[in-house]
Amino acid sequence: MSGACEIIRYRPEYKDAVAQLQTALWSPDPAANRRYFEWKYEANPWSVEPRIYLALRDGRLVGMRGCYESRWEVGSPAQMVSVPLADDFVVAIGDRKRGVASQILRAAIADLADSGIDYVFSLSAGMVTMMGSLALGWKSAGRVDPLVRREPSAAPRVRERISRMPVLWRWANAPILRSAAERRPFRALDTASSREPSLAIAREPRPEAMAELVAELGHDGRLRHVRSREYLAWRFVNPMHDYRFLYATRGGRLAGYLVLRARDEPPADGARLHRGSRGLRCARARRAVGDGNRSRSIRRAGGVGSQPGAGRARAAARPGLRPARPRAQCARLAVRARARDARRSSQRVVARRAPAARSRELGSANARLDGRLTN
Amino acid sequence: MIAWSDAVPLFEMGLLDSLALFNLVLWIEERTGAPIDPTALDIAQEWGSVRDILAFVTARMGPQQ
């Protein structure tokens, strides 16, 4: 059988097929995948239209590469740039090792280049996907070193041992082998009430106040997401994740916030600080992470992690956040590509649509991007 | 048919996929005893062919090895 596929742009009639295909990557539940898809690609505040590439073999969906829209600010005064984020790359299990990955990745980049897009970012590549990206001409623009805070528990060691046992390895990630904190990392948080009146624990984002605080604090010119009210309102209603919000107030105004996200990757190992959190700059929120007397709920969570910049990493170390793994093993990278280089690619997308909005302004800001990524 | 030579472009011809590249990096690390940070390289250029990879390894290890 030929390894060649037809690469097309996403059309709504493929939504169910995408939800099914993504059971190999997102969730085993197609209905959950459909909700996630709608949130990520259709409700995206920056989205013009979903930039999703599908690989078809004999009319059957066998691969997908998604690019969702993001908006960044860089420099001082801040310059806004729109950049597609490449993500959600999956090939059907039975169609792997047949060149589908290369075809779809090349076609996606070529089509983006033809649409006038100069740069594409990838913030979530695992090690193998990252290798494939580098081989296709992507460049590393920085490393994101996740931090974690784990509650001492025998559960991970038990799982590790079981994962090496014949037959039993299949159940190494079974829920019964997770500690209570791993199964419900926010349980203690939800039942506790902060003893400090100026610190509130909530389940809902406060995008208006959060955006106002971000604008008030300003930034140093490094590249970061535009944290507008629209973005924050969208960002924290991801149907795949469970969030909690710590709000510190001063004089009735929001003075800092901290977003925690329960980790859902098996084996679950607690909660992590959202990388967009501003709260670590707030002494009260910082104490809340580390001080069990004031907020025993967070202390009792299975663990928290973060992807902060250097300053916030130092602050995070105080309440016990440590690098999740050696730097050499950090698989989550920020990568950028000069998409226009791909125009020479012979792989093309069928049924190409009208060119999308251009993002050439990033070119002039390029010198500021290298090594200056911020969270 | 591919005319095999050390100069055959591995990525353009689809001869080296991401998993194979990952394994190759690990193998070269193991054989040379030196860690490789692939993000510090221009993989597409510097490892584009067998000849390029050999040149890379030779440069890292020194010609006497």
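Convention: sequence-line order gives letters A, B, ...; per-chain numbering from 1.
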Spatial distance of atom CG (A:Leu136) from atom CD (B:Glu12) [nearest 0.5 Å]: 10.0 Å
Calculate, to the nearest 0.5 Å, the distance between atoms OG and CG belonging to A:Ser133 and B:Leu21 respectively.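 Between atom OG of A:Ser133 and atom CG of B:Leu21 there are 10.5 Å.
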Taking all non-hydrogen atoms of both residues, which atom of [X] and which atom of [Y] are closest, and how far apart?
| X | Y | result |
| --- | --- | --- |
| B:Phe11 | A:Arg106 | O-NH2, 2.8 Å |
| A:Met131 | B:Val25 | CE-CG2, 3.8 Å |
| B:Pro38 | A:Met130 | CG-CE, 4.4 Å |

B:Asp42 versus chain A, the contacting section by heavy-atom distance below 4.5 Å: side chain
Surrounding CZ of A:Arg170 (heavy atoms of other residues, nucleotides or ligands, distance under 6.0 Å), is the total greater than 12? yes
Can you tell which part of A:Ala101 gets under 4.5 Å to a heavy atom of chain B, answering side chain, backbone, both or neither? neither
